[in-house]
Trainee: 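Dropping the structure in here first, questions after.
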Amino acid sequence: MSASVSSRTFLNARNEQELLAGIRKEVEAGSLPANVAAGMEEVYNNYKSAVIQSGDPKSKEIVLSNMIALLDRIFLDVTDPFVFQPHHKAKREPFDYYVFGQNYIRPLVDFKNSYVGNMPLFIEMEEKLKQGHNIILMSNHQTEADPAIIALLLETRLPYIAENMTYVAGDRVITDPLSKPFSIGRNLICVYSKKHMLDDPALVEMKRNANIRALKEMAMLLRSGSQIVWIAPSGGRDRPDPHTGEWAPAPFDTSSVDNMRRLVEHSGPPGHVYPLAILCHDIMPPPLKVEKEIGEKRIISFHGTGISVAPALSFSETTATSENPEKAKEVFTKALYDSVTEQYNVLKSAIHGKKGFEASTPVVSLSQSWK
């Protein structure tokens with residue numbers, strides 16, 4: 001995709017009316033599918049509402065500027081689709097997709113009510129990266145904005161980690177026209193999620209082969225050392241309990257955890273596995289149920305967010321009393337998941353329970369590193 005070339009339809013828009021008229025113009029010209037156009041309008045209206053909700057006096061200018069960039073990039077990809085490689089490196093020039101993604105999500109974050117748990121551990125990670133070690137973050141997953149939220153909450157204090165993290169990404173964020181511009185700005189290892197592996201029986205073999213290639217790319221990446229990799233072993237986003245409406249981290253898949261652990265252990269450089277919790281579902285909540293079709297409805301809000309990390313877990317120490325290898329895998333997965341859940345509940349108390357810093361515990365110390 002030639003990121004330096006772009007239609008002027010959206011870039012020349014001077015106001016909301018011209019921007020929305022541009023969407024309709026391209027549909028009439030046959031260069032923009034109606035379903036993508038409908039998604040573009042929906043995102044515009046929802047994003048506008050959320051940014052205005054923030055109370056920023058420059059909200060209208062922010063909305064126009066960021067939506068011009070987004071709609072232009074969506075349209076560019078529709079006319080000249082970007083194809084992701086199994087290992088995708090963030091595209092920073094001639095158009096900086098990373099900065100674009102940060103600028104787009106930043107106005108949605110209520111930083112006054114956002115928190116980082118255990119910042120000294122994030123600083124510890126950066127020191128280990130400088131020494132050539134690999135860092136794996138076993139995390140829950142809440143929204144398409146997770147990578148931006150992690151980077152936004154760390155960029156002031158730890159810009160290197162914010163910009164250099166690699167995310168294990170499911171196929172939906174590299175195929176959905178509204179997600180692709182954000183994904184292009186992140187370092188990715190692209191895989192097919194177990195939750196969608198069987199959606200189309202004719203594609204199962206292709207997906208499995210693609211995942212094997214992605215694992216090989218991951219192994220090569222880790223062999224080079226100094227890598228920080230985020231993975232959601234649940235294989236998808238958290239969803240609210242259908243009966244209570246309460247959110248909690250989705251269960252971790254034992255085989256996903258063990259595959260990643262073994263890759264790290266056999267990569268050569270020292271590796272460390274940390275449990276990471278994310279709370280940001282209010283920003284862009286996913287559909288209540290897993291959907292097969294691409295093109296979900298985008299709900300967008302201005303809200304507090306949080307991330308927290310706990311000390312790295314050693315597989316040998318955690319599973320020392322396990323009676324067999326299979327049990328050991330389950331014990332390690334449970335230990336990671338329990339830590340993520342414990343941290344998540346602290347973030348939930350701070351943000352949704354409005355306890356702020358008082359929600360801190362002996363296990364999770366909350367701070368705001370951007371101050």
Trainee: Running the 4.5 Å side-chain criterion over Ile, Leu, Val, Met, Phe, Trp and Tyr, what cluster does Val99 land in, apart from itself?
Mentor: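 Same cluster as Val99: Tyr98.
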Trainee: Under the side chain to side chain donor-acceptor pair (under 3.5 Å) test, which residues partner Gln85, sequence neighbours left out?
Mentor: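 Per chain and number, Gln85 pairs via side chain to side chain donor-acceptor pair (under 3.5 Å) with no residue.
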Trainee: Might you point out which heavy atoms bring Ser226 and Tyr160 nearest each other, and give the distance in Å?
Mentor: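 Scanning both residues, the minimum pair turns out to be O-OH, 4.3 Å.
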Trainee: Can you name the residues that form a salt bridge (Lys or Arg N to Asp or Glu O under 4.0 Å) with Lys329, not counting sequence neighbours?
Mentor: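 Checked Lys329 against salt bridge (Lys or Arg N to Asp or Glu O under 4.0 Å); matches are Asp258, Glu326.
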Trainee: Please enumerate all residues that pass side chain to side chain contact (heavy atoms under 4.5 Å, CB included) together with Ala219, with sequence neighbours excluded.
Mentor: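 Ala219 satisfies side chain to side chain contact (heavy atoms under 4.5 Å, CB included) with Arg223, Leu263 once adjacent residues are dropped.
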Trainee: State which residue, out of Tyr104, Tyr97, Phe82, Tyr167, fulfils the ring-ring contact (aromatic ring centres under 6.0 Å, His included) condition with Phe182.
Mentor: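 The option that passes is Tyr104.
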Trainee: Per the side chain to side chain donor-acceptor pair (under 3.5 Å) rule, what does the pair list look like for residues 178-189, sequence neighbours excluded?
Mentor: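 Found Asp77-Lys180, Gln102-Arg186, Glu144-Ser179, Ser179-Arg298.
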Trainee: Between Arg14 and Glu18, does at least one N-O distance fall below 4.0 Å, as a salt bridge requires?
Mentor: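 Yes, this pair counts.
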Trainee: Suppose we screen for side chain to side chain contact (heavy atoms under 4.5 Å, CB included). Which residues come up paired with Asn259, at least two apart in sequence or across chains?
Mentor: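 In terms of side chain to side chain contact (heavy atoms under 4.5 Å, CB included), with neighbours along the sequence ignored, Asn259 is linked to Arg262.
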Trainee: Could I get the full list of side chain to side chain donor-acceptor pair (under 3.5 Å) partners for Thr321, not counting sequence neighbours?
Mentor: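 Thr321 satisfies side chain to side chain donor-acceptor pair (under 3.5 Å) with no other residue.
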Trainee: Can you name the ring-ring contact (aromatic ring centres under 6.0 Å, His included) partners of Phe111, sequence neighbours left out?
Mentor: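 If we apply the ring-ring contact (aromatic ring centres under 6.0 Å, His included) test to Phe111, skipping adjacent residues, the hits are Trp370.
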Trainee: So which pairs with a foot in residues 48-65 pass side chain to side chain donor-acceptor pair (under 3.5 Å), sequence neighbours left out?
Mentor: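 Side chain to side chain donor-acceptor pair (under 3.5 Å) check on residues 48-65 returns Glu16-Lys48.
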Trainee: Indicate yes or no: does Lys128 engage Glu124 in a salt bridge with an N to O separation below 4.0 Å.
Mentor: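 The answer is yes: the pair qualifies as a salt bridge.
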Trainee: Listed by chain and number, what are the ring-ring contact (aromatic ring centres under 6.0 Å, His included) partners of His133, not counting sequence neighbours?
Mentor: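 Testing His133 for ring-ring contact (aromatic ring centres under 6.0 Å, His included), a comparison that skips the adjacent residues, returns His272.
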Trainee: Which residues pass the ring-ring contact (aromatic ring centres under 6.0 Å, His included) test with Phe315, sequence neighbours left out?
Mentor: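 Expected list: Phe332.
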Trainee: Name all residues meeting the ring-ring contact (aromatic ring centres under 6.0 Å, His included) criterion together with Tyr344; count only those two or more places apart in sequence or in a different chain, and write none if there are none.
Mentor: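 In terms of ring-ring contact (aromatic ring centres under 6.0 Å, His included), with neighbours along the sequence ignored, Tyr344 is linked to no residue.
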